[in-house]
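Worksheet for the structure shown next.
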Number of protein chains: 4
Amino acid sequence: MFEGLFVPRELAERLSDEACVERMLDVERALSRAEARAGVIPEAEAIHIDLDVDRLVAEGRAAGNPVEPLVRALHAQAESAHLGATSQDIIDTALVLVARDAFDVFELDGLAAACARLADEHRNTVIAARTLLQQAVPTTFGLKAAGWLVAILQAGSLVTSCCKELAAELGGAAGTLAALGDRGPEVLRLFAEELSLPEPVVPWHTNRVRFAQLGSALAILAGICAKIGLDVQLLSQTEIAEVREAVGGASSTMPHKRNPVGSTRARACARHAQAAASVLFGSLEQEHERAAGAWHAEWKALRDALAYSGGAVAAAREVLDGLEVDPQRMRANIADDTLSEARRLGVDAQSPEDYLGSATAFVDRALELYRAS
Amino acid sequence: MFEGLFVPRELAERLSDEACVERMLDVERALSRAEARAGVIPEAEAIHIDLDVDRLVAEGRAAGNPVEPLVRALHAQAESAHLGATSQDIIDTALVLVARDAFDVFELDGLAAACARLADEHRNTVIAARTLLQQAVPTTFGLKAAGWLVAILQAGSLVTSCCKELAAELGGAAGTLAALGDRGPEVLRLFAEELSLPEPVVPWHTNRVRFAQLGSALAILAGICAKIGLDVQLLSQTEIAEVREAVGGASSTMPHKRNPVGSTRARACARHAQAAASVLFGSLEQEHERAAGAWHAEWKALRDALAYSGGAVAAAREVLDGLEVDPQRMRANIADDTLSEARRLGVDAQSPEDYLGSATAFVDRALELYRAS
Amino acid sequence: MFEGLFVPRELAERLSDEACVERMLDVERALSRAEARAGVIPEAEAIHIDLDVDRLVAEGRAAGNPVEPLVRALHAQAESAHLGATSQDIIDTALVLVARDAFDVFELDGLAAACARLADEHRNTVIAARTLLQQAVPTTFGLKAAGWLVAILQAGSLVTSCCKELAAELGGAAGTLAALGDRGPEVLRLFAEELSLPEPVVPWHTNRVRFAQLGSALAILAGICAKIGLDVQLLSQTEIAEVREAVGGASSTMPHKRNPVGSTRARACARHAQAAASVLFGSLEQEHERAAGAWHAEWKALRDALAYSGGAVAAAREVLDGLEVDPQRMRANIADDTLSEARRLGVDAQSPEDYLGSATAFVDRALELYRAS
Amino acid sequence: MFEGLFVPRELAERLSDEACVERMLDVERALSRAEARAGVIPEAEAIHIDLDVDRLVAEGRAAGNPVEPLVRALHAQAESAHLGATSQDIIDTALVLVARDAFDVFELDGLAAACARLADEHRNTVIAARTLLQQAVPTTFGLKAAGWLVAILQAGSLVTSCCKELAAELGGAAGTLAALGDRGPEVLRLFAEELSLPEPVVPWHTNRVRFAQLGSALAILAGICAKIGLDVQLLSQTEIAEVREAVGGASSTMPHKRNPVGSTRARACARHAQAAASVLFGSLEQEHERAAGAWHAEWKALRDALAYSGGAVAAAREVLDGLEVDPQRMRANIADDTLSEARRLGVDAQSPEDYLGSATAFVDRALELYRAS
């Protein structure tokens, strides 16, 4: 409900049924071109179809997927289309394209840049480190941001590498490409080439490692955004007030309150992305050569994982881009005990700055990783 | 993706943003009437607003919820509206109404009736019982259907009782109904009465037992539909062929194949309902008087739990309503070992019929429960 | 790992393999007595077996469950034992007994009493209500505790009613009680009576509503404990310091720090109970008359749900029993904005006490519910 | 419950509390050596402690973790031990070592070898491909096994690479290594070197990408084992009987039945590994510099993920190693429709062998990947 509050519009459009149908048609066109190049069909007939998604869904209901009516419409126009393919080839490959399209508009670079900027600007800004929500010893806000940065870089790199492994799917009725005789592997190679996708070793109709892996990476990325959101919320508490979000949330009862709304969105989004990843785990157990339910559950799960991890990234980026940081307050909040604790540990600490250990060195290491990424 | 394949249209409409906004306005109206009756405001001003959901979402983004712009629009028309309430009061109570509306169109009676009909008609239809997917001893198809029936009755009764416990929410800014002075409890009582909802003992802004409980019940109901779907799929296997779905799924490559498409839908739906319930579990941990993320995550979770458990029920009902049962095949499939097993256990079984034990008695008990429900 | 940190010893013992085997023997004994009473066997032979769990597990591995070797041992002693039953009858009924035993040592009454005491004692203790982690308006600490109380009463009552619905299981090889001829229902009735358990309408070998429902209720109960833990942690923050746990956690590096360790345990436990409930949801989808994996997954899931929800309750109870509350600090922390906010809303609030609305009335309602429970 | 049925003994031992405490001591020793090498302490004092896990747990309860009593015991013997470290450094690094130890005894090579053997031996064994549990067109049992093989190789390689990324953890009280002055990075480098672990860019106390990633990879691996188990179970059905497990499960009621017990175990295990991975996702959201619950929940989750994915691998391997394959039955089961379907698609298929398309080519590609792995 009210998905528009959480998922950026452009991302939502790239994940819409309409976008998916467009990609299915792209996949059918790529198949025709590949088969024409392989000499399996004389030429790739033009495919110009304007398909009504509601109709596809209504007619696809009996078949259990939207490809069957799509292929019927296709055949009316291009007799040689879809040769040797099965519905799942079209849907799986379209989902791969949709996933890559969607990830392209994740605001990941912006989020990493915002973390890096905060890490750099606040390398000398002392703040109380808090463990189990109790002040521990001083650290710097720069190191906190550097921690976010490293996590975002790791998680982003995970998603990127998962996206790269998303291969084309072409196996025909049951993974043997039987209708293509002995030209199966060649058509598969050309098909993948047409779509600039990796070629799988064997069709992956019921080997769902790739989707589960992508879902996991997205869940992890979203989880890191939630961690950032949680830290920002905790630092924004009335009694702490060390940071606040620029675009504070208005309240219908309390108009002057500044709610950490972006952080709230990030945290809410992460839960959906993680639940979607769980569905993808459960969908690894698929029957024989095509699953009767587990595959069908992946569609929404993959879509939700992308929509809500993208939403989490956008929210976290918005939060950090506009974050108002109050170094005076950070320093003032450091409790006397926190300093005496430092002294107890053998550091001759007159001020928090004397007790930062390797904080700055770690910030530098994080920024180095960022620049190399 | 392609949610239209899984979620019945009417159910989807009752779960739409538009429906939710309509219910929010109903809640605001009920509040005004309650406050007028309590003498807190002179009279309930009329509320006739046609709100554009896209605008609410766009404007609600900064506030983190769609109520803030709604209240602004409301106040332009009815100055006394929303008095003493907070956004969460409106959304929570609207969600309660939406949930009840949605459950009203679950095809639960139809599903139970289909189970009962099969149990009754096939009380004497012998079939191999299968444990760990191996034939065990004979049973009846009627008892199998009776098992489905009892489970559906249990799960349906769970959901029904959870729906009944969904109370009105009214706590104001922080659960004290402060702006209503000492008339809080009275307004709360009248507000609940106006909406024909139970009155809570205290406001439940961060006590989410009700929603988690409803989500669980829906997940369980969907899980039973998946169990029915799985049994039907297993019995429909080419090599077993004891039942088949009436509206078989066409295949884009293999047009004459009869896929168990409804069962597939039921099983796919259940996974989403269960994932949504997990999100609701996670959302029990809420901060202080209003959560910063956990509450916001409930909206989609509750919606998905309703949409997909309703989808599972609709699919299971469609499957059983049109199920083609082949008693001859059921009998013929019983392996010789299955009968000799019976004899080994001391039953003088010449035919499967001699070995049904209390199958019929159990069918009768299930039907009795059904008739009493 | 280090489960002993989280799960109370007595609870762990009631959930041990040894306890489960004991209960299996109880179930076998009850079956013999029931069959003797029904005249199915001449008399209930005595069963005095000391079974080595390691051996049962080692020998049960090939069978996939520990009952097969147990029955072999049993038959060496009591020829008439286990007549008509199947492994699952014994395990399911033993799990029912184990679940009830385990719930008996949940410290639920103590937890509710601690909430009630705090609600009562602090009915006039003002504290800032916090929404989205921002101070909103004043409330009382008593109302906060009353909110916990109501949630615990609801969740506790859920678990209690689920436990009451846990029925005896007796269906024989495939749910027909075939080996008992027409005396199945009578034996089932007597068997349930012997164990003081409800009698099911039909055997529930693959109808897992009861276990999923119990798992859900436990997950909800644990979630409420996590909510209490989170509130305590937030109030315990160095900068807020309105409460602290009596038995603070020592730190290996910072010995004088007072960590909210009990709250931490409660929150950690809840996650495991909720994950276990998810497994139980997934296990609703079971094949035919005995599942090939889903059933076997329930054993650990049920055990974990009980162990960790019980752990969460124990931790929350320990936290609240010893909670040090600082009313002065609570009052002093209320920000000026929080009061001016009150005035803006039309309340002539000179002090926080003027702005408590129905807080006390709600506390009274909660305590009334508690006393009636 | 009855974990011994599911988790191999050696794996369980490597995941025991005792093993974890041993690894904690290894970590303390490595720290002392590193600090001696860096000149931070004069020399690494010998650490010879025999710690009673029950006592550690009992005494660690107040601190919320078992390191605090361990460090006390340590200091009685070696004054310079633990310098600069915090409990989490010791536990996290010990968990890393435990995870690697545990993965070392996964029977992954054996499982891959069993898949490869079946793929190779049965490259010409025709079998009906089944989609949505309906016969589709012929394929080979070799291609089915090749599909398993590729999935296992992918998943295994995921886990392996996650294990390689498990870095040493050393951050001190709050991630700054404050007590080590400016020698933090050097000690960190030497500490990692002593343990042959990668050095992290910054301490990762609340950056849990590594553990979430490992949990995901294990969940995926277990999911593939469940897929293998499900396929074997479906092929083992009485009515299909194309394969059967060598060590069939005895039944307490039906001793001659051959239950697919290993497959059942694999499927049950996968659910636990996946639930554990979900907990690890949820634990990504950690507060500030040390989490108050989310971290503590990881211990059991990581342990369960390792125990049950390892259990799934062991079970799948056992199943495939002893799998009895019946090529005659596979061929005989192919329905006439399946062949006529082939003809309809334009293949001049007189026999199933004429309709295998690229099945053999795909088997070769899978085996090539296997040999290169």
Side-chain angles (χ1 to χ4, degrees), chain C residues 1-6 15 17 20 54 57-58 60-68 71 82 85-87 90 95 172-173 179 226 229-230 233 247-254 259-261 263-268 271-272 275-276 278-279 282-283 292-294 296-297 299-303, chain D residues 1-6 15 17 20 53-54 57-58 60-68 71 82 85-87 90 95 172-173 179 226 229 233 247-254 259-261 263-268 271-272 275-276 278-279 282-283 292-294 296-297 299-303:
Chain C
M1 251 162 205
F2 302 112
E3 179 168 296
L5 292 173
F6 302 96
L15 292 166
D17 284 1
C20 194
D54 279 351
V57 162
R61 212 156 181 274
N65 73 60
V67 179
E68 192 271 340
V71 170
H82 195 69
T86 192
S87 299
I90 308 308
L95 287 174
L230 177 56
Q233 288 180 343
V247 184
S251 147
S252 68
T253 30
M254 297 165 285
N259 284 326
V261 168
S263 303
T264 296
R265 274 207 309 272
R267 294 182 68 201
R271 292 158 191 250
H272 298 307
S278 294
V279 173
S283 283
H296 306 74
W299 309 343
K300 171 185 165 60
L302 206 56
R303 191 252 171 225
Chain D
M1 251 158 206
F2 302 112
E3 179 168 296
L5 292 174
F6 301 97
L15 292 165
D17 283 3
C20 195
V53 169
D54 279 352
V57 162
R61 211 155 181 276
N65 73 61
V67 179
E68 193 269 340
V71 170
H82 196 67
T86 192
S87 298
I90 308 307
L95 287 175
Q233 287 179 345
V247 185
S251 146
S252 69
T253 30
M254 298 164 282
N259 284 326
V261 168
S263 303
T264 295
R265 276 207 308 272
R267 295 183 67 201
R271 292 158 189 250
H272 299 306
S278 294
V279 173
S283 283
H296 306 74
W299 310 341
K300 172 185 163 59
L302 206 56
R303 191 253 170 224

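Sequence lines set the chain letters: A, B, ... in the order given, protein chains first and strands last, and positions in each chain run from 1.
The choice from C:E3, C:H272, C:Q233 that makes the most heavy-atom pairs within less than 4.5 Å of chain D is C:H272.
The closest donor-acceptor contact from the side chain of C:R271 to the backbone of D:G282 lies under 3.5 Å. With hydrogens and angles disregarded, a donor-acceptor distance shorter than 3.5 Å links the side chain of D:R267 to the backbone of C:A292.
For a residue to count as touching a neighbouring chain, one of its non-hydrogen atoms must lie under 4.5 Å from one of that chain's; by this rule C:I90 does not touch chain D.
Across all non-hydrogen atoms, the minimal contact from D:F2 to C:V57 is CD2-CG2, 3.9 Å. Residues D:L5 and C:N65 approach most closely at CD1-CA, 3.9 Å, considering heavy atoms. Nearest heavy-atom pair, D:V279 versus C:A275, reported as atom, atom and distance to 0.1 Å: CG2-CB, 3.5 Å. Nearest heavy-atom pair, D:G293 versus C:A268, reported as atom, atom and distance to 0.1 Å: O-CB, 3.5 Å.
When side chains are defined from C-beta on, C:H296 does not count as touching D:R265, because their heavy atoms never get closer than 4.5 Å. Looking at heavy atoms from C-beta onward, C:L95 lies in side-chain contact with D:M1 at the 4.5 angstrom threshold.
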